[in-house]
Amino acid sequence: MRVIKKFLKVLLIIVAIVAVLAIIAIVGIKVAVSNTANSNEYKVGADKIPSLKTVVGKKDVISTGISTENGVITKTIEYKKSDVSDEEMVEYIEYLISNEKFKISKKSRNLVELCKKSVDDGEIVFVMFENGSTSHLITVKKCVGTLRDI
């Protein structure tokens, strides 16, 4: 009986620790998404690109992500299509071209890719816009290269 009580006590402590860690993880994810949604710029290294919020106002973010692989920094921001119209995405793309010196490097039915020279020598910043059936995905990348490479 005593061994069972001790086991249950240890099990309860383990469950409580796992629950606390899960709560901390969920809060951390919500803060990261909220910070991106409320940010006036997307940062990739030393480069800062005005955010969608700067041009068309605050919008609901579905998800965000950031990764670095082989020296390429990638940040993704996904917006609800019901909250961000195609016209607002076009307005944002036109803003980046007119005001931030971006050039169109690729264009297809559901994808527009912009690029410009990074503030860091020998690097390029890309902003890709994917028009999905339920969401708009913005991907910001920074990698080694020059505009001649495109």
Side-chain angles (χ1 to χ4, degrees), residues 10-11 13-150:
V10 169
L11 185 61
I13 290 170
I14 291 171
V15 168
I17 289 171
V18 169
V20 167
L21 291 175
I23 290 168
I24 290 170
I26 289 168
V27 168
I29 290 168
K30 286 187 176 190
V31 166
V33 169
S34 176
N35 286 346
T36 299
N38 292 319
S39 178
N40 289 327
E41 56 193 18
Y42 306 132
K43 295 178 187 176
V44 283
D47 290 279
K48 298 174 185 174
I49 296 103
S51 70
L52 180 71
K53 175 189 168 197
T54 302
V55 179
V56 299
K58 185 176 174 185
K59 302 295 180 177
D60 288 339
V61 171
I62 298 172
S63 66
T64 62
I66 188 163
S67 65
T68 303
E69 188 174 324
N70 297 327
V72 177
I73 301 168
T74 304
K75 186 172 203 169
T76 58
I77 308 95
E78 187 176 13
Y79 293 91
K80 290 181 184 180
K81 194 162 190 168
S82 60
D83 195 39
V84 179
S85 70
D86 291 346
E87 291 77 19
E88 287 174 315
M89 290 302 287
V90 169
E91 180 182 349
Y92 179 52
I93 291 167
E94 289 174 349
Y95 174 87
L96 292 178
I97 292 168
S98 298
N99 299 294
E100 298 296 322
K101 300 179 182 174
F102 276 93
K103 306 267 187 255
I104 296 174
S105 55
K106 281 186 192 172
K107 189 175 182 181
S108 66
R109 184 170 179 228
N110 293 320
L111 173 78
V112 174
E113 180 182 88
L114 306 179
C115 66
K116 77 173 190 174
K117 184 180 181 306
S118 168
V119 297
D120 296 317
D121 286 338
E123 296 188 336
I124 307 170
V125 176
F126 291 93
V127 182
M128 288 153 281
F129 301 88
E130 294 179 58
N131 186 5
S133 59
T134 60
S135 67
H136 291 288
L137 181 66
I138 297 174
T139 303
V140 182
K141 283 187 177 187
K142 180 176 178 177
C143 59
V144 173
T146 65
L147 295 177
R148 285 176 288 182
D149 298 334
I150 299 170

Can you tell me if [X] uses its side chain to pair, donor with acceptor, with the backbone of [Y] under 3.5 Å?
X	Y	answer
Ser63	Glu78	no
Lys101	Lys116	no
His136	Met89	no
Ser51	Ser39	yes
Tyr95	Leu52	no
Asp83	Asp60	yes

Exercise for review: From the options Tyr92, Phe102, Tyr79, select the one residue that forms a ring pair (Phe, Tyr, Trp, His ring centres under 6.0 Å) with Phe129.
Suggested key: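 Testing each of Tyr92, Phe102, Tyr79 against Phe129, the sole residue satisfying ring pair (Phe, Tyr, Trp, His ring centres under 6.0 Å) is Tyr92.
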
Are more than 12 heavy atoms from other residues, nucleotides or ligands located less than 6.0 Å from atom [atom1] of [X]?
X	atom1	answer
Lys43	NZ	no
Lys48	NZ	no
Asn110	CG	yes

Which heavy atom of [X] sits nearest a heavy atom of [Y], and at what distance?
X	Y	result
Val119	Asp47	N-OD1, 2.9 Å
Lys59	Val56	CE-O, 3.8 Å
Ser118	Lys142	OG-CE, 3.2 Å
Cys143	Val72	CB-CG2, 3.8 Å

Nearest-0.5 Å distance that lies between atom [atom1] in [X] and atom [atom2] in [Y]:
X	Y	atom1	atom2	result
Thr76	Lys141	OG1	NZ	10.5 Å
Lys117	Ile124	NZ	CD1	10.0 Å
Asn131	Leu137	CG	CG	10.5 Å
Thr64	Ile138	OG1	CD1	12.5 Å
Ile93	Glu88	CD1	CD	12.0 Å
Lys103	Leu96	NZ	CG	12.5 Å

Exercise for review: Could you tell me whether the side chain of Glu100 reaches within less than 4.5 Å of the side chain of Ile49, counting heavy atoms only?
Suggested key: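 With C-beta onward as the side chain, the pair stays apart.
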
Exercise for review: With the side chain counted from C-beta on, respond yes when Glu69 and Thr74 share a heavy-atom pair under 4.5 Å apart, and no when they do not.
Suggested key: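 In short, these two side chains do not touch, never coming nearer than 4.5 Å.
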
Check your understanding: Going through the distances and angles, do Asp86 and Lys81 end up as a side-chain contact (heavy atoms from CB on, under 4.5 Å)?
Key -> CA-CA 8 Å; Asp86 291 346; Lys81 194 162 190 168; 3.4 Å; yes

